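Notes follow the structure.
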Amino acid sequence: MVEYAQEAVKKGSTAVGIRGKDIVVLGVEKKSVAKLQEERTVRKICTLDDHVCMAFAGLTADARIVINRARVECQSHRLTVEDPVTVEYITRHIATLKQRYTQSNGRRPFGISALIVGFDCDGTPRLYQTDPSGTYHAWKANAIGRSAKTVREFLEKNYTDEAIATDNESIKLAIKALLEVVQSGGKNIELAVIRRNQPLKLLESKELETLVTEIEKEDEAEKKKQKKST
Amino acid sequence: MALSSVLQSESADFSFNIDRSFSFGCGFGQTDLGFGAAPGDRLNFAIKASLGPDDKDGPERKIEFLHGTTTLAFKFQHGVIVAVDSRATAGAYIASQTVKKVIEINPYLLGTMAGGAADCSFWERLLARQCRVYELRNKERISVAAASKLLANMVYQYKGMGLSMGTMVCGWDKRGPGLYYVDSEGNRVCGDLFAVGSGSMYAYGVVDSGLRQDLSVEEACELGRRAIYQATYRDAYSGGQVNLYHVHSEGWTRVSQEDVLKLHHQYQEPKK
């Protein structure tokens with residue numbers, strides 16, 4: 001049953017997460033919106049609390065449930081422990097929830113993989129990935145969804161300490177990773193960042209466009225250099 | 001506390017715990033010490049509730065220890081000082097002079113006992129178990145705030161069912177020294193100074209006059225010791241030994257255990 005759930009995830013639109021030094025970035029492939037559809041109702045990046053947010057790949061309806069439970073748990077934790085959740089705690093909670101559904105009667109597993117990012121109280125940035133079976137791991141950078149493999153390979157090549165040296169560089173890395181698999185550039189990408197002690201911020205399309213053009217210029221410059229050297 | 005239990009029984013029909021002998025001293029921050037009963041009470045509280053339940057229940061008198069007691073804890077720059085007496089009474093009978101009223105929840109958390117001994121020790125041991133599980137699951141120590149909240153929530157479920165517990169949860173966590181008062185009524189209060197028990201008023205007098213933030217460890221210990229001693233001097237239901245603990249960043253240390261009689265000679269000698 002878990003395999004079917006994992007298949008559902010593989011058909012979902014791509015999401016990428018990157019852990020920088022002072023910033024964590026989430027990027028998702030935006031599905032093209034029909035003419036009459038309002039754009040805002042299709043949001044794949046959601047806040048769980050002031051300092052934690054997640055993106056998912058897979059069945060949107062399942063994700064809604066998981067997100068809701070996670071949001072409630074974040075507040076319950078604040079109530080009983082008088083401290084905000086750590087990213088690891090809420091990831092563990094989500095993973096335990098998912099695992100329960102793989103082992104109970106008459107229920108099917110959640111068909112989503114989630115990328116959970118945020119900062120802990122002590123300021124450390126974190127990125128975790130969960131999958132339908134209920135396992136979770138910490139990552140420096142990861143991708144889930146349709147073309148996860150391609151993106152992950154790109155990240156493995158390009159995730160270096162230099163690449164994440166500044167906030168801007170980390171954001172560009174996320175965009176570059178998504179551009180590998182997304183069709184037509186900035187219009188189909190949605191990006192969100194959390195900086196330390198600041199709430200989630202969704203990048204506006206203008207900012208995205210500027211960054212995408214920057215990246216394209218850099219790419220061209222690289223190609224010219226390579227041509228010259230050969 | 002006597003007042004609140006009166007209010008409860010007036011409003012809730014089913015709580016006929018007439019022999020719920022809370023010591024009034026368990027209450028914190030109440031304006032009347034429970035000496036008098038409010039007019040129109042069904043319940044006749046004796047001047048000290050710990051003298052025993054109502055006449056109705058004469059032969060079935062429950063033996064409840066520790067209603068008379070003095071426990072105190074205060075924060076200062078080097079942590080938290082916890083000082084308690086060690087007398088247990090059942091009515092006018094001194095049941096024991098050597099009771100351990102400080103429960104070591106874990107190497108950096110302490111809980112004090114006032115009220116029913118069974119209630120205090122049971123719930124605090126349960127708290128110790130919860131704290132350990134938290135530590136294992138989250139790979140870090142539980143904070144004093146969270147530990148006291150766990151205890152308060154556990155006990156709140158039994159509110160109105162006759163638990164009698166007035167405890168102080170003391171410890172040191174990443175926020176520094178922590179001190180919370182938790183009782184079976186569901187109160188949970190953070191503070192810098194608490195004294196609980198029938199001798200608490202006497203202890204407050206001593207600590208209030210001597211407490212400064214810049215005390216050294218020895219001065220603070222002496223202040224706690226003196227406060228408990230003075231309480232045992234005046235309160236019939238407190239006595240025995242003074243057990244003193246100091247909670248610092250590395251955990252808690254048992255500072256001393258001194259007999260009240262010895263302290264009496266020590267303090268009274270110079271006056272001659």
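Proteins come first, then strands; the chains are lettered A, B, ... in the order of their sequence lines, and each starts at number 1. In this text the structure is predicted, and so the values were computed from the model without any measurement.
- Contact detail for B:Asn138 and A:Arg92: the closest heavy-atom pair is OD1-NH2, 3.1 Å.
- Dense packing is recorded around CZ of B:Arg212, with more than 12 heavy atoms of other residues, nucleotides or ligands lying under 6.0 Å away.
- Within 6.0 Å of CG in A:Asn197 there are 12 or fewer heavy atoms belonging to other residues, nucleotides or ligands.
- In the displayed structure, B:Arg175 atom CZ is contacted under 6.0 Å by more than 12 heavy atoms of other residues, nucleotides or ligands.
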**Prompt:** Does the side chain to side chain contact (heavy atoms under 4.5 Å, CB included) test come out yes or no for B:Lys139 and A:Thr86, once each step is laid out?
**Reply:** CA-CA 11 Å; B:Lys139 297 175 203 162; A:Thr86 56; over 6 Å; no
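- Going from atom CG of A:Asp83 over to atom CD of B:Glu140 covers 8.0 Å, rounded to the nearest 0.5 Å.
- Between B:Ala146 and A:Val81, the shortest heavy-atom distance links the atoms CB-CG1, 3.6 Å.
- Atom OH of B:Tyr156 sits in a sparse spot, with 12 or fewer heavy atoms from other residues, nucleotides or ligands closer than 6.0 Å.
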